[in-house]
Chemist: 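I have a structure I would like to understand better, so I am pasting it below and will then ask my questions one at a time.
Throughout, numbering of the chain's residues begins at 1 and tracks the sequence. Excluded from the calculations below are hydrogen atoms, water molecules and symmetry mates; all remaining heavy atoms, backbone and side chain alike, are included. Model, not experiment: these values are computed from the prediction.
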Amino acid sequence: MSKSFELICGEDEISRLVQALPKSGIILLIGGLAAGKTTLARAIVRAHGLDEHVGSPTFSIMQNYGEIYHYDIYNGGCEGILKNGLFENLFEEGLHLIEWADENLINLLKKYELDFCVVRITPHAQGRKYEVSYA
């Protein structure tokens, strides 16, 4: 990963993080259960001026909000995104938010030379710690 930064903030300050993230491309959201991945996805969608209900797309794997594609690969992992024919979407214009990304997906993105941003989310006494790095 070529550049990185870290930010600690509460949910009411998440817009600071959103402003620093890419407006298009692939963003991998990594964190444990209830870490705040969907909350961050919701903030990103709102920052793009969209008033959509953003929930976790666990059972549908992908939700589309205009030019924003929101994936949740918790149940199927990288294999699920491949099996459902969704990997090809990542070559399309737009913003692709992927919850529960793993090393298999990271390696696949590198293999196809796709640029991506990783946001690792962990609980912190002052809210959440967001570790952001770019491939």
Chemist: Check whether any side-chain heavy atom of Leu86 sits under 4.5 Å from a side-chain heavy atom of Ile73, and report yes or no.
Modeler: no

Chemist: Would you call Met62 and Asn89 a side-chain contact if the rule is heavy atoms closer than 4.5 Å?
Modeler: yes

Chemist: Any side-chain heavy atom of Lys3 within less than 4.5 Å of one from Ser133?
Modeler: no

Chemist: Just by distance, do the side chain of Asp102 and the backbone of Asn104 share a donor-acceptor pair under 3.5 Å?
Modeler: yes

Chemist: Between Val132 and Leu17, is any pair of side-chain heavy atoms under 4.5 Å apart?
Modeler: yes

Chemist: How long is the gap from CD1 on Ile30 to CH2 on Trp100, to the nearest 0.5 Å?
Modeler: 10.5 Å

Chemist: Sequence neighbours left out, what passes ring pair (Phe, Tyr, Trp, His ring centres under 6.0 Å) with Phe5? Give chain and number order.
Modeler: none

Chemist: Check whether any side-chain heavy atom of Tyr74 lies under 4.5 Å from a side-chain heavy atom of Glu99, and answer yes or no.
Modeler: no

Chemist: Any donor and acceptor pair, going by atom type alone, linking the side chain of Arg128 with main-chain N or O of Glu11 inside 3.5 Å?
Modeler: no

Chemist: Minimum heavy-atom separation for Tyr65 to Val54, with atom names?
Modeler: OH-CA, 3.7 Å

Chemist: Hey, could you give me the CG/OH distance between Leu7 and Tyr130, rounded to the nearest 0.5 Å?
Modeler: 8.0 Å

Chemist: Around atom CD of Glu113, are there more than 12 heavy atoms from other residues, nucleotides or ligands closer than 6.0 Å?
Modeler: no

Chemist: Parallel, tilted or perpendicular: which describes the rings of His96 and Tyr69, with under 30° parallel and over 60° perpendicular?
Modeler: parallel

Chemist: Heavy atoms only: give me the nearest Leu21-Cys117 pair and the separation to one decimal.
Modeler: CD2-SG, 4.1 Å

Chemist: Show the nearest heavy-atom pair for residues Arg16 and Cys9, with the distance to one decimal.
Modeler: NH1-CB, 4.2 Å

Chemist: Please test Ile98 against Leu90 for side-chain contact (heavy atoms from CB on, under 4.5 Å), starting from the C-alpha separation and ending with a verdict.
Modeler: CA-CA 10 Å; Ile98 305 174; Leu90 302 179; 3.9 Å; yes

Chemist: What's the shortest heavy-atom distance between Leu95 and Pro22, and which atoms?
Modeler: CD1-O, 4.0 Å

Chemist: List for me each residue that meets side-chain contact (heavy atoms from CB on, under 4.5 Å) alongside Ile8, sequence neighbours excluded, and say none if there are none.
Modeler: Glu6, His124, Gln126, Lys129

Chemist: Taking atom CD1 of Ile44 and atom OG of Ser15, what is their separation to the nearest 0.5 Å?
Modeler: 12.0 Å

Chemist: Please report the closest heavy-atom contact between Asn84 and Gly80, naming both atoms and the distance.
Modeler: ND2-O, 2.8 Å

Chemist: How long is the straight-line distance from CZ of Phe91 back to CD1 of Ile26, given to the nearest 0.5 Å?
Modeler: 8.0 Å

Chemist: Step by step, work out the side-chain contact (heavy atoms from CB on, under 4.5 Å) result for Leu82 and Leu108.
Modeler: CA-CA 10 Å; Leu82 291 169; Leu108 194 58; 3.7 Å; yes

Chemist: Is there a side-chain contact (heavy atoms from CB on, under 4.5 Å) between Lys23 and His48 once you walk through the steps?
Modeler: CA-CA 8 Å; Lys23 306 302 180 238; His48 281 258; 4.2 Å; yes

Chemist: Just how far is it from atom CD of Glu92 to atom CD of Glu67, taken to the nearest 0.5 Å?
Modeler: 10.0 Å

Chemist: Hey, what do you get for OG1 (Thr122) to CD (Glu131), rounding to the nearest 0.5 Å?
Modeler: 5.5 Å

Chemist: Should the heavy atoms of other residues, nucleotides or ligands under 6.0 Å from CG of Asn107 be counted, would the total exceed 12?
Modeler: yes

Chemist: Taking all non-hydrogen atoms of both residues, which atom of Ile121 and which atom of Ala35 are closest, and how far apart?
Modeler: CG2-O, 3.2 Å

